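Note that this is a predicted model, so its numbers are computed, not measured. Scope of the values below: all heavy atoms of this structure, side chains included, with no hydrogens, waters or symmetry mates.
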Amino acid sequence: MTTYQVVRSIIIPATLGRQNCALADTDLLRRHALPPMDSLGAAAARKAAGQLPPYTRIPKRRLPTGMKRRAPYYYVVHAWSRPFMEMVGMLEARFEGQPAEHTYVWLDVFAVPQVSSNHSGFVQEIQRAIWYSVSTLVCFDHAGTVLTRLWCLYEMFYTLISKQCAHALVALTSAPLTVAQRTTLYRKINAGTARCTVKEDKKKLIEHVMGYTRRGLPAISNYIRSGFMLPPYDHAAVYLPAGYEENTGILSCLPCVAPPPPPPPPPVPEHVAMVPEVAEPSVRLPPPSGPDGQRHPQATQHRLSLHERPLRLVMGACNIPHPSKTKTGGEDAFFISAAGRGALGVADGVGSWSSDDGVDPAAYSRDLMRAAAGSLEASGGKMSARMALADAHLTVKHAGSCTGLVGVLPPNSNQLQVLNLGDSGLRLVRGGRLAMATRPQSHAHNMPYQLACPDEPVCDTDSTVQGDLYNIPLEVGDVIIMATDGLYDNVWPEAMLDIVNRVRKCVFVLVCVCVSRKISNTRLMALLSPHLNPIKLLT
């Protein structure tokens, strides 16, 4: 039976004759309902759930009011046209190993009165349920049915704008998705063509969306494409060319006219194509699989073996703006963090935003990097690079746009996970030669992929699912250069290698001289650290 058939044949007869009565309010399910605030049942449920996930907010991170006094529960988004037991099976797999008596979910078919098909009067109750939930679970089938229903899209959209983080929206799938399936599903997201059975519900939802956004229904599509992550999170980049929304014109209605195929991805620029590629450091290793043989979405890095030495990043950063932008510091931004065993990122702000419009081009890139660093630090470096950039994309709301490049070394792995969206890049120097380079992304010449506020009416935005993800196994002595295109457009690979090798040789000579004089390590650091920071790598 589908969920719609369950509502018509079971839920409505059980609540018929009771005005504004949900099935959860009946004697049949009352003993399974959420316990009251500050009760012993709520305390037991909080203890069984453990630590709640951190949420990133601006200007500070905090839990919603009353969260520490309630029993934790999960909001469930599902399509009524799908089998009811399919949803139940996904929830059982999600909560496997957790005590059933302390695990609560919010289901609209049980919590909202179903005697009347018009649910537009319960929008505020649904918003409150999403606000106080731990996270929103989306029961996702391979056909992407939830992406075609306006109610489901609205619930996902409200989760993202209220909690302001992508990891609050969790997709439950029965099996991993292929690259082709993932691309098809992301292209299907279009709130303008989503269906809603009851006209009053659709009218009420559009009114709410127009009150929250400046763009209306297109903002819902942008938010979901940016914040809805389909597992596994270490997937390859999803190619979404410009104008990929479904065409609703006259030609699309004719069965004999097939839509044109999407254009191929842009070629790699010459100054990157000439970089030699080495397969070892840039190989994409699959995450470990569980006893069921399937890849787990959270296990995106391999764990350290018993004989593997844990590595740590020693980082430094420098911002050199254009001479005409020295007063403002330029549009670029960066962060370095001790999250995990080292995290870093750079962003290239789009300078076409002028001060005449009242927009600081550097504000968006700086806030994006600040929010990405906050997400990584809140999770202790256990968050994937794609999820961290997605969290930051949902957090920054003001005008502006920039590229994004984020890297993180998890606490239990020697693989550096890097996500690149745009024309910034990473270079890996190993053994005195350039071993690996990331691929720049651009729609056309001087039009790189870039992130902007999903609700920005002036320009559109790309999505973090379009970024290239790299899992780079690191070795002792590797030199990682992460920079915007301003460096790679002006410094060729040969000059970059020459600078790195000269610095490493200089450090080696100084260490040999100091050791031959039997100077203590403490004295050595005191003498050389003000002049040459890379000495820390060898000591």
Got Val123 and Lys204 here, is their nearest side-chain heavy-atom distance under 4.5 Å? yes
Is a donor from one side chain sitting under 3.5 angstrom from an acceptor on the other, for Thr197 and Arg149? yes
More than 12 heavy atoms of other residues, nucleotides or ligands under 6.0 Å from CE of Met447: is that the case? no
Flag the pair Asp460 and Arg215 as a salt bridge only when some basic side-chain nitrogen lies within less than 4.0 angstrom of an acidic carboxylate oxygen. yes
Rounded to the nearest 0.5 angstrom, the CE-OH distance for Met156 and Tyr75 is 12.0 Å
Taking the side chain as everything from C-beta on, heavy atoms only, tell me whether Val170 gets closer than 4.5 Å to Val138. no
Using the ring of Tyr132 (Phe, Tyr or Trp, six-membered ring only), decide whether Arg70 places NZ or CZ under 6.0 Å from its centre and within 45 degrees of its axis. yes
Ring centres of Phe140 and Phe228 under 6.0 Å apart? yes
I'd like to know whether the aromatic ring centres of Tyr74 and Phe95 sit less than 6.0 Å apart in this structure. yes
Establish, from distance only, whether the side-chain atoms of Tyr470 and Gln417 form a donor-acceptor pair under 3.5 Å. no
Which pair of heavy atoms, one from Asp423 and one from Pro440, lies closest together, and at what distance? CA-CB, 4.0 Å
Should we say atom NZ of Lys203 is surrounded by more than 12 heavy atoms from elsewhere, each under 6.0 Å from it? no
Distance only, no hydrogens: is a donor on one side chain within 3.5 Å (strictly under) of an acceptor on the other, for Gln114 and His119? yes
Set out, in order, the CA-CA distance, both residues' side-chain angles and the distance that settles ring pair (Phe, Tyr, Trp, His ring centres under 6.0 Å) for Tyr73 and Trp106, then state yes or no. CA-CA 7 Å; Tyr73 66 91; Trp106 197 97; 7.9 Å; no
Whether the Ser81 and Thr2 side chains hold a donor-acceptor pair (N or O, under 3.5 Å, no angle test) is what I'd like checked. no
For Arg214, is the CZ atom crowded, meaning more than 12 foreign heavy atoms sit under 6.0 Å from it? yes
To check you understand the geometry: which heavy-atom pair defines the closest contact between Gln181 and Pro176, and what is its length? OE1-O, 4.3 Å
Derivation of the side chain to side chain contact (heavy atoms under 4.5 Å, CB included) call for Leu150 and Arg195: CA-CA 6 Å; Leu150 187 59; Arg195 300 190 300 272; over 6 Å; no
Out of the candidates Thr159, Leu160, Ile161, Leu153, only one should pair with Phe157 under the side chain to side chain contact (heavy atoms under 4.5 Å, CB included) rule; please name it. Ile161
When you compare the side chain of Pro448 with that of Gln441, does any pair of heavy atoms fall below 4.5 Å? no
Contact summary for Met90 and Leu172, nearest pair of heavy atoms: SD-O, 3.5 Å
Could you pull out the closest heavy-atom pair between Cys453 and Lys397, with the gap in Å? SG-O, 3.4 Å
Is there a donor-acceptor contact under 3.5 Å linking the side chains of His393 and Thr464? no
Exercise: identify the closest heavy-atom pair between Gln164 and Leu394: C-CB, 4.4 Å
Could you tell me which non-hydrogen atom of Ala392 sits nearest to which non-hydrogen atom of Ala372, and how far apart they are? CB-N, 3.5 Å
Asp367 with Arg370: basic N within carboxylate O range, under 4.0 Å: yes
When you compare the side chain of Trp151 with that of Val198, does any pair of heavy atoms fall below 4.5 Å? no
Test item: Thr403 and Leu421 side chains (from C-beta on) under 4.5 Å apart, heavy atoms: no
Could you walk me through whether Ile220 and Val209 pass the side chain to side chain contact (heavy atoms under 4.5 Å, CB included) test, one step at a time? CA-CA 8 Å; Ile220 293 184; Val209 171; 3.4 Å; yes
State, without any angle test, whether His208 and Gln127 hold a side-chain donor-acceptor pair at a distance under 3.5 Å. yes
Please tell me if the side chains of Cys21 and Pro113 come closer than 4.5 Å, counting only heavy atoms from C-beta onward. no
Thr3 side chain near Val109 side chain, heavy-atom distance below 4.5 Å: yes
Check the pair Ser337 / Glu377 against side-chain hydrogen bond (donor to acceptor under 3.5 Å, both in side chains), numbers first and verdict last. CA-CA 7 Å; Ser337 171; Glu377 291 171 356; 2.9 Å; yes
I want to check something: taking the side chain as every heavy atom from C-beta on, are Gln450 and Thr461 in contact at a cut-off of under 4.5 Å? no
